Amino acid sequence: MMERGAGPDFTDPKTEWRRVFAEAWGTFLLVAAAAGGAIGAEITPDKIPYAAAVVAPGLMVMVAIYALGDVSGAHLNPAVTLAFSLRRNFPWRRAPAYIAAQLIGGLAAAGFLRFIFGVVGKFGASSPGPGISDGRALAMETLLTCGLVNTILATAAGARNVGPNAAVAVGGYIALVGLWAGPVSGASMNPARSLAPAIVRGDLSHVWIYLVGPLAGALIAVGFEWILKGAPSAEGTKAAQGAPKAD
């Protein structure tokens, strides 16, 4: 295990590029798994069942927290970065670079998927399910993101957003809600995940749902965290900003 003095100084602004790269790479992997799984399920349903497609992003987030959590905090989601900033666990001055990296990582993943598959079917884009109005999809995305962000903030405050506690809880939540809420709204909970395929596909008709819903859900979750836990903790700050592991 690496002690704080044994490796890079993660409080040094010169190492910010490493954290920003981790956010871009982690979001690339997440969008590749989420949109790629949806594409695979659409074009080869006999090989990739729906359940596997919606569980895939949860598993990828779990892996990303293990791999990248101690570098950047593994936000991988503009709504999570917003929530950590509002919670005062993450400096506002660092938020724009994180969000830009997440959007770039998502767009790069969508571009990669277009190179592999072409623009086929819905191209993994988020959209309301059949018979579901935009308003109901918005309400679902708001609720789901509130639960996701509340889970992230709670596990970060208790045991850092690194390791089995947060990784299993957050990844498990994403997989679980995908199974029951995916048919309603797609269970995106992430503006970067929804915006990237929509831009590459060239259809932004439903994107507003997946921008407004997650951001509203994140705001509500921060309020709930104040009610449940009170003031932000030092452990939550370590989780949100990334810090090297200690023995």
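Remember, predicted model here, so these are calculated numbers, not experimental data.
Of all non-hydrogen atoms in Ala38 and Gly124, the two that sit nearest each other are CB-CA, 3.8 Å. In terms of heavy atoms, Ala22 sits closest to Val71 at CB-CG1, 3.8 Å. Taking each heavy atom of Val200 and Gly111 in turn, the nearest pair found is CG2-N, 4.2 Å. Between Ser127 and His206, the shortest heavy-atom contact is CB-CD2, 4.1 Å. What you find for Cys146 and Ala221 is that their closest heavy atoms are O-CB, 3.4 Å. Closest approach of Pro191 to Pro78, counting heavy atoms only: CD-CD, 4.1 Å.
Under the 4.5 Å side-chain criterion, counting only non-hydrogen atoms from C-beta, Pro232 is in contact with Trp226. A 4.5 Å side-chain heavy-atom check between Ile39 and Phe123 finds at least one atom pair inside the cut-off. When side chains are defined from C-beta on, Tyr66 counts as touching Val168, because their heavy atoms get closer than 4.5 Å. Leu148 is listed as a side-chain neighbour of Asn77, based on a closest heavy-atom distance under 4.5 Å. Side-chain contact between Asn150 and Leu228: present, with at least one pair of heavy atoms (C-beta onward) separated by less than 4.5 Å. No side-chain heavy atom of Val170 sits under 4.5 Å from any side-chain heavy atom of Tyr173. Looking only at side-chain heavy atoms (C-beta outward), Pro128 and Val184 stay at 4.5 Å or farther from each other. Within the 4.5 Å cutoff, the side chain of Thr237 has no heavy atoms near those of the Phe84 side chain.
Under the 3.5 Å distance criterion, the side-chain polar atoms of Arg201 are left unmatched by any main-chain donor or acceptor of Ala110. A donor-acceptor contact shorter than 3.5 Å links the side chain of Tyr98 to the backbone of Ser72. Side chain of Ser233 to backbone of Gly236: a donor-acceptor contact under 3.5 angstrom is found. Of the possible donor and acceptor atoms, one in the side chain of Ser133 sits under 3.5 Å from a partner among the backbone N and O of Arg136.
Screening residues 101-124 for side chain to side chain donor-acceptor pair (under 3.5 Å), with sequence neighbours left out, gives Glu23-Gln102, Thr81-Gln102. Listed by first and then second residue, the ring-ring contact (aromatic ring centres under 6.0 Å, His included) pairs involving residues 13-45 are Trp25-Phe28 (not counting sequence neighbours). Sequence neighbours left out, the pairs with a member in residues 184-193 that pass side chain to side chain donor-acceptor pair (under 3.5 Å) are Glu141-Ser185, Ser188-Ser194.
A single hydrophobic cluster is not seen to contain both Leu211 and Leu30; linkage of ILVMFWY side chains at heavy-atom distances under 4.5 Å, directly or through other members, places them apart. Hydrophobic clustering (side-chain heavy atoms under 4.5 Å, transitive across Ile, Leu, Val, Met, Phe, Trp, Tyr) keeps Leu143 apart from Ile220. Taken together through direct or relayed side-chain contacts under 4.5 Å among Ile, Leu, Val, Met, Phe, Trp and Tyr, Val31 and Ile209 form parts of separate hydrophobic clusters. Val63 and Met189 fall into different hydrophobic clusters, where Ile, Leu, Val, Met, Phe, Trp and Tyr side chains are chained together by heavy-atom contacts under 4.5 Å. A single hydrophobic cluster is not seen to contain both Leu29 and Leu195; linkage of ILVMFWY side chains at heavy-atom distances under 4.5 Å, directly or through other members, places them apart.
Within 6.0 Å of atom CZ in Phe117, more than 12 heavy atoms from other residues, nucleotides or ligands are found, so the atom counts as buried in its surroundings. More than 12 heavy atoms of other residues, nucleotides or ligands lie within 6.0 Å of OH in Tyr50, so this atom counts as buried by the packing criterion.
Phe90 and His75 have perpendicular rings, their planes meeting at more than 60° on a 0 to 90° scale where under 30° would count as parallel.
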Fill in: Test side chain to side chain contact (heavy atoms under 4.5 Å, CB included) applied to Asp134 and Trp208, step by step
CA-CA 10 Å; Asp134 286 357; Trp208 71 272; 3.8 Å; yes

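With values rounded to the nearest 0.5 angstrom, Thr151 atom OG1 is found 9.5 Å from Glu225 atom CD. Once rounded to the nearest 0.5 Å, the distance linking CG of Leu219 with OG1 of Thr145 reads 11.0 Å. A distance of 12.0 Å separates CG in Asn89 from CD1 in Ile152, rounded to the nearest 0.5 Å.
With respect to Thr27, the side chain to side chain contact (heavy atoms under 4.5 Å, CB included) criterion is satisfied by exactly one of Leu76, Leu103, Ile104, Leu107: Leu76.
In this structure, a donor-acceptor pair under 3.5 Å is absent between the side chains of Arg19 and Gln241.
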